[in-house]
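For reference, the structure discussed in these notes is given below.
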Amino acid sequence: MIKLKDVSQPYFILWGSLLLSLAISLTDSISTAHAEEYPAYFSSRTYLGFYEDMYGNRYAPLYEYFEVEYNRPSNGMKFYSAGWLKYDFRTSGEKRTNSDLGLAYVTYSPPSDSNLVFNAGRHYVFEGVASEQIDGVSARWDFARNTGLSLYGGIPVETDKDGRDSDTIYGCRLFGRISGKAEAGVSFLREDNAGIRYREEIGLDLWAIPFRGIEIQGISSYNAITGGFIEHSYSAKAAVSRKITLRGFFVHSNYRDAFSSATLSVFSPDNIGINGKMTKSGISAEYLISEGIATTLNYTGYTYQTSGDARHYGARLHYKGTDIHAGGAFNRMEGDTARLRYTEMRLYTVKRLDKHNFSLDFITLRYDRPYNNMNIAYNLNGTAEYVINNNLSASLSIDKGRDPDYNHFTKVMLSLAYTFKGALSVQAGY
Amino acid sequence: MRYDEFRYLGIFLTALMALNHIYALPALSEEKRVSPNSHHFDLIEKPLCTECHMSDDSADLKPISSFNHSSDFISSHRFYAMQRSQICTVCHRASFCSDCHTNKSGLKPSDRYQGSPERWLPHRGNYLFQHRIDGSIDPTSCFRCHGRRNNKLCVKCHK
């Protein structure tokens, strides 16, 4: 846990500033006190699965996923929370129960100015280099027509494993833009784990439409601890015609700088190779054959510093009708090593009727070199859903398949989904 | 002092709030801006924004067509989200993102949404075998979701 003496003062200020903002927004609403409708949302999804792992242990986990949302549009407040609980009815030696409260936060955006957004609690921050789950506060303010600033700070959730003592995260993003043409942002992130500098990243993100029909976007991120670039990732999209869209992309990453803060041994420099560098680039073309039918051709090339290269290419087809979806994909991986040579195929369909939905999904892989004397792996899923009423539906899903680890496996999943969307009528005022 | 930065951050945020209440910035609100939950209806399939919005509309100073959820939107959504994730909250609740971007995951997304094969979801089917190959091809892509988080399951084999 956090030591109170360490953090009480700054946290007092942080939470104080939030309370202040809440107080201000409440006074807004008291002056207009009347019976009000507060849009509310609740959803619950319950799953019961049955499966066996490759050592023959059986499991029967029950999961409950919930979401709660409550809005006060008149003063720009929203409360949101989501999480899950697990109970395993049948397990060998593993923990029976588990849970995660992934999100629980308040958002405030003054009705007079939606260009200011303020969040507090456990929430996500997506800002340039940051894609973080934090316990803390964040704010974004577009203080002028074409520029703005985001700030966030708190305790990172990803470092919970080894305790939260002296864990901190903070950062910012400053951006400027040219209306309808370009946006560029600089972002900074600093994360300390147990008082030690754990991550320090700087990013430059870009978006631009240099010519009509051409859109470019990307990010370069820099690891200030190792002193090297984590990745350069850019993509360009060109609308050749109403029917044809081309997309090209380029990603270059340095393993030493990208994986310096890994908590999983497989990403450690000893395992993955400290001098590893990967460049991935490719192109895809989407062609709308006719109303609802689209096909995509794609090619990706991988080149490495320390091992053989690989190429991946294939095609996808997707059909969307009024109550039906169907599609398929065919892909080939062609690498310099035998392990990287295989063919992948997928076929799927969904039929949505009034009360019933059905879907089938078949995926198969053919390895050029067999593993455990097996070179064809597949997975077939069939799902049937019954819509009981507007709020409630139940489904049964069965997976069957095999791969070089399993000669045969079956997995069954039952689920029940409930959603409530309505308004809570509350008499506001005194 | 290690927590000094927080104090400044707190002061700064408070000042921001105060300033904003003084100047409600009426001029800014003229531009069509995004407020949470402004799509008062549910879309159930990947939307092409331009099917409903006029082509010269803009959201967040980007042409609305940029946000079209075309077949490879999955590989570009990150660029829009990192510049302004508020536009996503017009339609998506945060748990939509945490299905895939999570610190601690219960079920695989493809086990939760088995009835929607038309959706792009990470590693469908039984992935334990194929992951060895995919993981060596592009470990950077795995690192985003498993490098520092959501890797309790992996530790069983990758000590």
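Numbered from 1 within each chain, the chains take letters A, B, ... in sequence-line order. These numbers come from a predicted model, not from an experiment.
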Using heavy-atom distances under 4.5 Å, tell me whether A/Arg247 contacts chain B through its side chain, its backbone, both, or neither. side chain
Winner by heavy-atom pair count (cut-off under 4.5 Å) against chain A, out of B/Ala81, B/Gly135, B/Gly147, B/Ser70: B/Gly147
Among A/Phe358, A/Tyr378, A/Phe249, A/Phe259, single out the residue with the greatest number of heavy-atom pairs under 4.5 Å to chain B. A/Phe259
With respect to chain B, which residue among A/Arg339, A/Lys161, A/Arg45, A/Met413 yields the maximal number of heavy-atom pairs within a distance under 4.5 Å? A/Arg339
Which of the residues B/Ser116, B/Pro139, B/Ser136 is involved in the greatest number of heavy-atom pairs with chain A at under 4.5 angstrom? B/Pro139
Separation of B/Phe143 CZ from A/Glu231 CD (nearest 0.5 Å): 11.0 Å
With a 4.5 angstrom heavy-atom cut-off, could you sort out which part of A/Asn98 is near chain B: side chain, backbone, both or neither? side chain
Hey, could you give me the OH/OG distance between A/Tyr124 and B/Ser95, rounded to the nearest 0.5 Å? 9.0 Å
Less than 4.5 Å to any heavy atom of chain A: does that hold for the side chain of B/Arg144, its backbone, both, or neither? side chain
Identify whether the distance between the nearest side-chain nitrogen and carboxylate oxygen of A/Asp405 and B/Arg132 falls below 4.0 Å. yes
Heavy-atom contact with chain B under 4.5 Å, split by part of A/Ser43: neither
Just wondering, do B/Gln83 and A/Phe126 contact through their side chains at under 4.5 Å, heavy atoms? no
To check you understand the geometry: which heavy-atom pair defines the closest contact between A/Met278 and B/Ile137, and what is its length? SD-O, 3.8 Å
For A/Asp403 and B/Gln130, which I'm curious about, is there any donor-acceptor pair between the side chains at under 3.5 Å? no
Rounded to the nearest 0.5 Å, what separates atom CG in B/Asp72 from atom CD in A/Glu286? 6.5 Å
Proximity breakdown for A/Ser187 and chain B, heavy-atom pairs closer than 4.5 Å: neither
Part of B/Tyr113 lying under 4.5 Å from any heavy atom of chain A: side chain
If I measure from the heavy atoms of chain A, does B/Arg78 come under 4.5 Å with its side chain, its backbone, both, or neither? side chain
Report the distance from atom OG of B/Ser76 to atom NZ of A/Lys237, rounding to the nearest 0.5 Å. 5.5 Å
Between A/Arg173 and chain B, which part of the residue has a heavy atom less than 4.5 Å away: side chain, backbone, both or neither? side chain
With chain B, which of A/Thr349, A/Asn357, A/Leu340 has the greatest number of heavy-atom pairs at distances under 4.5 Å? A/Leu340
Trace of the side chain to side chain contact (heavy atoms under 4.5 Å, CB included) decision for B/His158 with A/Phe267: CA-CA 10 Å; B/His158 300 291; A/Phe267 296 110; over 6 Å; no
Point-to-point distance, once rounded to the nearest 0.5 Å, from CD1 of A/Ile209 to OG of B/Ser65: 6.5 Å
Locate the shortest heavy-atom distance separating B/Gly115 from A/Ser359; write the atom from each residue and the value. CA-OG, 3.5 Å
Okay, A/Ala262 and chain B: the region with an atom under 4.5 Å from a heavy atom over there is both
Tell me whether the guanidinium CZ or amine NZ of B/Arg93 lies under 6.0 angstrom from the six-membered ring centre of A/Tyr41 and within 45° of its axis. yes
Residue pair A/Tyr255 / B/Thr140, side-chain heavy-atom distance below 4.5 Å: yes
If I measure from the heavy atoms of chain B, does A/Ile363 come under 4.5 Å with its side chain, its backbone, both, or neither? side chain
Testing the basics here: between A/Tyr65 and B/Leu107, what is the closest heavy-atom pair and its distance to 0.1 Å? OH-N, 2.9 Å
A/Tyr47 versus B/Asp111: any side-chain heavy-atom pair under 4.5 Å? no
Selection from B/Cys97, B/Ser71, B/Gly125, B/Cys157 maximising heavy-atom pairs under 4.5 Å formed with chain A: B/Ser71
Within-4.5 Å side-chain heavy-atom neighbours: B/Val155 and A/Leu264: yes
Checking B/Lys62 against A/Arg177 for the side chain to side chain contact (heavy atoms under 4.5 Å, CB included) test, could you report, in this order, the C-alpha distance in whole Å, the side-chain angles of both residues, the deciding distance, and whether it holds? CA-CA 10 Å; B/Lys62 289 189 177 124; A/Arg177 47 195 180 186; 5.9 Å; no
Would you say that A/Ser235 contacts B/Phe79 through its side chain, given a criterion of any heavy-atom pair below 4.5 Å between the two side chains? yes
For the residue pair B/Asn151 / A/Thr263, report whether a side-chain donor-acceptor contact shorter than 3.5 Å exists. yes
Which atoms of B/Glu45 approach chain A - backbone, side chain, both or neither, heavy atom under 4.5 Å: side chain
For residues B/Lys104 and A/Trp84, determine if any side-chain heavy atom of one lies less than 4.5 Å from a side-chain heavy atom of the other. yes
For B/Asp99, is it the side chain, the backbone, both or neither that has a heavy atom under 4.5 Å from a heavy atom of chain A? neither
Under 4.5 Å, counting heavy-atom pairs only, tell me which of A/Pro61, A/Ala130, A/Ser131 racks up the most with chain B. A/Ser131
Checking A/Ser415 against chain B: side chain, backbone, both or neither under 4.5 Å from a heavy atom? neither
Give, as side chain, backbone, both or neither, the part of A/Glu67 having an atom under 4.5 angstrom from any heavy atom of chain B. side chain
Taking atom types as modelled, is there a side-chain donor on A/Lys411 or B/Asn126 under 3.5 Å from an acceptor on the other? no
Working to the nearest 0.5 Å, report the span between CD of A/Gln133 and OG of B/Ser98. 7.5 Å
A/Tyr371 ring center within less than 6.0 Å of B/Phe129 ring center: yes
Below 4.5 Å from any heavy atom of chain B, which atoms of A/Ile230 appear? Answer side chain, backbone, both or neither. neither
Would you say the side chains of B/Gln114 and A/Thr383 form a donor-acceptor pair under 3.5 Å? no
Given a strict heavy-atom distance threshold of 4.5 Å, which part of A/Ser261 is in contact with chain B: side chain, backbone, both, or neither? both
Using non-hydrogen atoms only, which part of A/Tyr105 is less than 4.5 Å away from chain B: side chain, backbone, both, or neither? side chain
When every non-hydrogen atom of A/Trp207 is compared with those of B/Ser66, the smallest separation belongs to CZ2-OG, 3.9 Å
When A/Tyr63, A/Phe409, A/Tyr302, A/Tyr342 are compared by non-hydrogen pairs under 4.5 Å with chain B, the top option: A/Tyr63
Please state whether the side chain, the backbone, both or neither of A/Lys280 comes within less than 4.5 Å of a heavy atom of chain B. side chain
Report which part of A/Tyr406 has an atom under 4.5 Å of a heavy atom belonging to chain B: side chain, backbone, both, or neither. side chain
Is there a side-chain contact between B/Met82 and A/Ile219 in this structure, where contact means two heavy atoms from C-beta onward sitting under 4.5 Å apart? yes
Could you tell me whether the side chain of B/Pro117 reaches within less than 4.5 Å of the side chain of A/Val350, counting heavy atoms only? yes
Only pairs of heavy atoms separated by less than 4.5 Å count here; which of A/Gly335, A/Ala82, A/Ala326, A/Ser397 has the most with chain B? A/Ser397
